[in-house]
A.B. asks: 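Pasting in a structure now, in structure tokens, and then I'll have a few things to ask.
By convention in this document, chain letters (A, B, ...) are assigned in the order of the sequence lines, proteins followed by strands, and residues within each chain are numbered from 1. These numbers were taken from a predicted model, which means no experiment stands behind them.
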Amino acid sequence: MDAIRTDVLVIGSGFGAAAPALRLAQAGLSVVMVEKGPHIDHLRDFRQTQDPQYLRQYLHGLAGDHLSLTYAEGLGGGSGFYEMVSLRAPSLAFRQTDARGRRLWPAELERGTLDPYYDRAEAMLRVEQIAPHDVPKSGLVFSLLMKNLGYSCDRARYAVRNCMGSGFCVSGCIYGAKQSLHVNYLPQAVAAGARIECDLEAQALRPLPGARALPYRYEVRCRRRSGARDVVVFQAKIVILGGGTIGTAALLLRSRPDLPRLSSEVGKHIAFNGSVKVAALLPEHFPAGDMFAGRSHPGMISYQFLESHGISISAGKAMPLMVVSAARLRLDGDGREPAWWGQANVDLMRQMRHRMIALVSFGLTPPGGTITLGADGHPALSLAPTRELERYVETTHGILQDILVRNGCRMIDTEWVKKSGVPADAGLHFATAHQVGSCRMADDRRSGVVNAAGEVFGYPGLYVSDGAAIPSSLAVNTSLTILANAERIADGIKERLGLP
Amino acid sequence: MSQVISRRAALRSLGLLALGATVGCTPLRVVLDKHPRALDDDGTLEDRVLRAFLATVIPGSDAAAPDAIRVFHDRAYPFAKYARFFAGDLCRRAARRSGGATFDQLSPADRTAVVQEGLAADGTTRKLYGGAIYLIQIATYASIYDDRGGCPLIDFDGGYHFRPRTENTYPDPDSFLASALTASGNHA
């Protein structure tokens, strides 16, 4: 089989992949981008629906005993389905240390290092702080809860233009208002000469024999995921891994036999922005929220407890599917049985739209998750529960509940359920789409997989530019930081190649 | 412990939405679909029973709507394989409780008691009943077969129907806003 040769092969098409594809194509290199998931025409393929079969086309999960991750597969990666929240990681996120006091981030990377790249990413995504008159009702009600207690609350920042508040951000914006990668990086990359291939999964990567002397250093074997499932082989001078925290780690782990110098840290140190959630009903005297109107993220974020507890707090909006597929709800103090179905449940669900308030925190939890490959070749996820994590959950839960109770809210008990609908085991469990760090940047290969430039230790020309390279939780949504870091890595590649 | 629902946490649950987990430990009577003969003799009984089940789990829902119980037979979900057995089990328990009545003939209180009995039975039956409730709540509240119609019971209006911006927010947002820590929304 003849291999397709290209200067640059980018694996993935999400936030971590799109920036290198665009910048290197603009610099005159031949660029091929391969995406495992289906092609997405954002104006044609997205639907305003709660149909699980539609969502399952694009959204997938990887669950372990104490951690569950959600990720997107499809052109544009998570950018088609995220809530558009685009915030810079706070400085203290970059200064986190591990249990032995060592910095999680490479020494040369600070918030200030990323700021110029945040500027560029924000310009590309047209990020702006939400105007007060655009903040959805649920966000305003959350702000009022904080205000009543003398706490601060900030208007958040979003990648959107002319949002009409349909509320279907997470099933894909059919109006083109969301500034997903479909409206900026990806078409610009194509215009600059990049070629995008969807439905093509990178299965294995190996250095070519004598690679140090040859311009084409790596060979990547891909397979179509539908149709004839034919194999396509690429040879590239530069390979950029941007398939996400799970996808990138899985590819490197599968390729390890051909990459003997690969760090033993691949798949380790997954950070997950430890989110904690509580919900309640608003007291009668409070203005109503609206779960179903306005953008999916309610517009406000509080940094009140960032310095003291390492958490940010937002309100959470949820469509009915998100609620009933995740949990059995019981109103605290409602003694009726049955509680999670029947009349008591209907009475609670009737209050969901206007009287339910949910608080969600993101925190600087340590990067304790691990991906390994099972005997079947599929990734498996684990997180060791620690007393530190338990204390974090207890403390954070207490803060959130305190905000609600002191405002007179009535708490809602939630029993999480598994995918099959049966109750999940009690105990520590985190669920997130903010996973980062399975191939983290570090100062040396004993601590991480890639250097501060994103280049894999021991493998010149092989880069990781996606969330897998981010070494820590951020306490805010991760997309903008992943994109900014990918812009920085792309600049570094150009600089090393002497490109404009 | 009070916890809630994030969109992210919820999406993680979308992988199966089904009873795949039951298959490995399914009793022979389920595999063989040993349902009561009444289901064969009365061609509408299964439909009536499943609609009565919906009315029991979600009182006030439109159990007569054409798609009201479609999810139970939707082959996208493994539950479709068990729907007939499930309807039969409801009838068996109903008959024991009432001296021969089918589930749909019971009073609402007795139907509730039958479902509670199923949820308290052996592990497989518990999963079957819990899965049935899970599926019908998802299908009904999220209106998965009618993107535009939504679920009037909970004021979910389905896909977007135009509403003026004033319905998304309040006219006096400044009165809600707490003091801000940042000028831009980004923490330093």
A.B. asks: Using a cut-off of under 4.5 Å on heavy-atom pairs, state which of B:Ser143, B:Gly159, B:Ser184 scores highest against chain A.
C.D. replies: B:Ser184
A.B. asks: Who wins among B:Asp146, B:Asp172, B:Thr166, B:Asp157 for the most heavy-atom pairs under 4.5 Å with chain A?
C.D. replies: B:Asp157
A.B. asks: For A:Ile130, is it the side chain, the backbone, both or neither that has a heavy atom under 4.5 Å from a heavy atom of chain B?
C.D. replies: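 Contact with chain B involves no heavy atom of A:Ile130 at all.
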A.B. asks: Against chain B, work out which of A:Ala288, A:Gly139, A:Ser86 has the most heavy-atom pairs shorter than 4.5 Å and name it.
C.D. replies: A:Ala288
A.B. asks: Between A:Asp290, A:Leu140, A:Val141, A:Leu144, who has the most heavy-atom pairs with chain B when the cutoff is under 4.5 Å?
C.D. replies: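 Maximum pair count with chain B is reached by A:Leu140.
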A.B. asks: Looking at chain A, which one of B:Pro171, B:Cys151, B:Ser175, B:Gly60 has the largest number of heavy-atom pairs inside 4.5 Å, strictly under?
C.D. replies: B:Ser175
A.B. asks: Would you mind listing every salt bridge (charged side-chain N to carboxylate O under 4.0 Å, His left out) that reaches into residues 48-61 of chain B, with sequence neighbours excluded?
C.D. replies: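 Found B:Asp42-B:Arg48, B:Asp47-B:Arg51, B:Arg48-B:Asp104.
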A.B. asks: Cut-off 3.5 Å, side chains only: do A:Tyr303 and B:Asn186 have a donor facing an acceptor?
C.D. replies: no
A.B. asks: Heavy-atom cut-off 4.5 Å, strictly under: side chain, backbone, both or neither for B:Ile58 against chain A?
C.D. replies: both
A.B. asks: Between B:Asp147 and A:Thr49 (side chain of the first, backbone of the second, donor and acceptor by atom type, cut-off under 3.5 Å), is there such a pair?
C.D. replies: no
A.B. asks: Is it true that a side-chain atom of A:Arg353 and a backbone atom of B:Asp155 form a donor plus acceptor pair closer than 3.5 Å?
C.D. replies: yes
A.B. asks: Is B:Tyr77 close to A:Gln53 at the side-chain level, that is, under 4.5 Å between some pair of heavy atoms?
C.D. replies: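 Yes, at least one pair of side-chain atoms sits under 4.5 Å.
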A.B. asks: Using the ring of B:Tyr170 (Phe, Tyr or Trp, six-membered ring only), decide whether A:Lys137 places NZ or CZ under 6.0 Å from its centre and within 45 degrees of its axis.
C.D. replies: yes
A.B. asks: Is B:Ala139 close to chain A through its backbone or its side chain, or both, or neither, when contacts mean heavy atoms under 4.5 Å?
C.D. replies: neither
A.B. asks: In terms of heavy-atom pairs under 4.5 Å with chain A, which of B:Thr169, B:Ile136, B:Leu119, B:Thr56 leads?
C.D. replies: B:Thr169
A.B. asks: Which answer fits A:Arg330, side chain, backbone, both or neither, if we ask what part of it has an atom under 4.5 Å from a heavy atom of chain B?
C.D. replies: neither
A.B. asks: Identify which part of A:Arg350 has an atom lying under 4.5 Å from any heavy atom of chain B, answering side chain, backbone, both or neither.
C.D. replies: both
A.B. asks: Tell me yes or no: between the side chains of B:Tyr141 and A:Gln50, is some donor less than 3.5 Å from an acceptor?
C.D. replies: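 Per modelled atom types, B:Tyr141 and A:Gln50 side chains form no pair under 3.5 Å.
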A.B. asks: Counting only N and O atoms by type, is there a donor-acceptor contact under 3.5 Å from the side chain of A:Asp154 to the main-chain atoms of B:Ala180?
C.D. replies: no
A.B. asks: Could you check whether A:Phe168 and B:Tyr160 have their ring centres less than 6.0 Å apart?
C.D. replies: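 Ring-ring flag for B:Tyr160/A:Phe168: false, centres at least 6.0 Å apart.
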